[in-house]
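A quick write-up on the structure given underneath.
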Protein chains: 2
Amino acid sequence: MTVRQDIHSSGLPILCQSCEARHRGVCGALDPDHLVGLAKVSSRHQIEAGVELIGDAEAIDSYSNVLSGVVKLTKSLSDGRQQIVGLQFAPDFLGRPFKVESEINAEAATAVSLCSFPKAAIERIMKESPELEHRLLKQTLNELDEARDWMVTLGRKTASEKVASFLLMIARNTDSSIDPAARSASFDLPLTRADISDFLGLTNETVSRQLTRLRADGVIRIENKRHVTVDSMNRLEQRCGGRRARQPPFE
Amino acid sequence: MTVRQDIHSSGLPILCQSCEARHRGVCGALDPDHLVGLAKVSSRHQIEAGVELIGDAEAIDSYSNVLSGVVKLTKSLSDGRQQIVGLQFAPDFLGRPFKVESEINAEAATAVSLCSFPKAAIERIMKESPELEHRLLKQTLNELDEARDWMVTLGRKTASEKVASFLLMIARNTDSSIDPAARSASFDLPLTRADISDFLGLTNETVSRQLTRLRADGVIRIENKRHVTVDSMNRLEQRCGGRRARQPPFE
DNA sequence: CGAGAGATTGACGGACGTCAAGTTATGTGG
DNA sequence: CCACATAACTTGACGTCCGTCAATCTCTCG
């Protein structure tokens, strides 16, 4: 389906006028001509939790922007062990340029809305507009930084540090993004316990135990299994196994 | 130090004529003019194992190409726990564009030779030459793929699968790159046992035990602690905890 | 030869996985 | 409205893989 648009209202496709991706996402790199051209072949989708978006070893024929919700990227071993290797929030760009086949699985972790484009359209624009590649490079570098941070978490942190780090990451990617320095936060977990364990390299039992420990220690409160309140972000951060501070100046 | 060059011999700076990075590395993206300009301000360095190249929280003022040897990228927690988050081989590009400060430590794991450029020079050329950004994007995407593969290893594999996976990765990045389908391989480990454990999220004792187990089982032979021979890559691969194969077509 | 770093091997303990039972939340149909 | 089913979650008991600590061995280099 292609969405109706009124180019005269402001030079922008109606589809894009209120779209977050046009500012913070990759579409911000496009001039009006490209945006109009792209909007003609793009389409919005509402997807419910649990639906697979990109299958492992499937051909990729489209890319998307995440407009709301959370998408989980997973990899699996042959015996069923699974690892979440990334989470994508709005307005992230979803898809792996320059590869015909995905080595990754993408699945809606929550209800998700996407704006999808044919692969060919993006790649044509990419050739004409260096600014688009520039944005993609920046996002990819950010994802690489995040992946490397999680490698530290996966390889070197204890179970309780892992769970605390996960909560901190979610808190920073949701409503508390309104105020990054907020001293408290309240949010819904976008993942089930099983998903969280796949993200942290643990079992759901261990995740559950660590959450109840955090609750017993007064670091978090939990309502309805999914809603988490953090009164003191400081206390939560202390449980994450901090990054190395600068060395003291004199040995 | 800036190396002498003879532009007349072929239009290429002498420094670059025999350089691997000019073909497979980022320099392959540059036209002769840019290459000449860059060569004027670039310099080669020989660095011995153990030297720190980029410190955590240090200002970044130069980028480099790795010409030979192996560079390890590490992150640390405040109590000293350390994780290697990436290895760079020739002809990888070393450095994090668009950030004033590194959040990562880079250290020569073996003797290394680098070709370094001032940060400003690269960034100027990047603005003029979209092809350079294109190469950087491709390398960054590859590094992201690798990082995500290691996340599976860190989060979901057993100690013996981790060690086998590590050996396989090293085998594929060294002399066996001559023949990617080779059924056997022989190479020097670029990392100490302690480094390997920091890479795999283990202790050096566990790494050592797994290596002796692989040796006892006849999968590998070890000479002089560092030199490894793999007679059957197949047998090694079987110990890596394979990736999921395609689902059987009917259910 | 001696010193020191790196590596190996063993004994032991603890953190986390496994297995299993029980609880809560949500929906479904009578 | 209640009985029931199902999925997600919690909690406990127990076992094991891997970390910790310590002794010994092997190289390399002065």
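To find a chain, count down the sequence lines: A is the first, B the second, and so on, and within it residues start at 1.
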[X] [atom1] to [N] [atom2]: how many Å, rounded?
| X | N | atom1 | atom2 | value |
| --- | --- | --- | --- | --- |
| A/L154 | C/dC16 | CG | P | 13 Å |
| B/Q210 | C/dT9 | CD | P | 12 Å |
| B/L189 | D/dC27 | CG | P | 16 Å |
| A/E161 | C/dC16 | CD | P | 9 Å |
| B/K162 | D/dC17 | NZ | C1' | 11 Å |
| A/D79 | C/dG17 | CG | P | 15 Å |
| B/L200 | D/dC17 | CG | P | 18 Å |
| A/D195 | D/dA7 | CG | P | 15 Å |

Any N/O pairs under 3.5 Å between the protein and nucleotides 8-13 of chain D? List them or say none.
| from | atom 1 | to | atom 2 | distance (Å) |
| --- | --- | --- | --- | --- |
| D/dC9 | OP2 | A/R193 | N | 2.9 |
| D/dT10 | OP1 | A/R193 | NH2 | 3.2 |
| D/dT10 | OP2 | A/R193 | NE | 2.8 |
| D/dT10 | OP2 | A/S208 | OG | 2.5 |
| D/dT10 | O5' | A/S208 | OG | 3.1 |
| D/dG12 | N7 | A/R209 | NH1 | 2.9 |

Closer to the 5' end of DNA chain C via nearest nucleotide, is it A/N224 or A/T158?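 By nearest-heavy-atom nucleotide position, the 5'-most residue is A/T158.
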
Do A/S116 and A/S43 have side-chain N/O donor and acceptor atoms under 3.5 Å apart?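 Side chains of A/S116 and A/S43: no pair found under 3.5 Å.
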
Verify the distance criterion only: is there a donor paired with an acceptor across the side chains of B/S197 and B/T203 at less than 3.5 Å?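 There is no such pair between these side chains.
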
Not counting sequence neighbours, list each pair that qualifies as a salt bridge (charged side-chain N to carboxylate O under 4.0 Å, His left out) and has a residue in residues 224-233 of chain A.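 Every pair satisfying salt bridge (charged side-chain N to carboxylate O under 4.0 Å, His left out) with a residue in residues 224-233 of chain A: A/R221-A/D231.
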
Counting any heavy atom closer than 4.0 Å, what does B/G201 reach on the DNA or RNA strands: base, sugar-phosphate only, or nothing?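 Sugar-phosphate only.
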
Are A/E107 and A/L53 side-chain neighbours, meaning at least one heavy-atom pair lies under 4.5 Å?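 A/E107 does not reach A/L53 side chain to side chain.
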
Indicate yes or no: does A/R209 engage A/E205 in a salt bridge with an N to O separation below 4.0 Å.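 Here A/R209 does not pair with A/E205 in a salt bridge, since their nearest N and O are not under 4.0 Å apart.
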
Any salt bridge between A/R81 and A/D198, counting N to O under 4.0 Å?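 Looking at A/D198 together with A/R81, the answer is no, because their closest N to O distance does not fall below 4.0 Å.
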
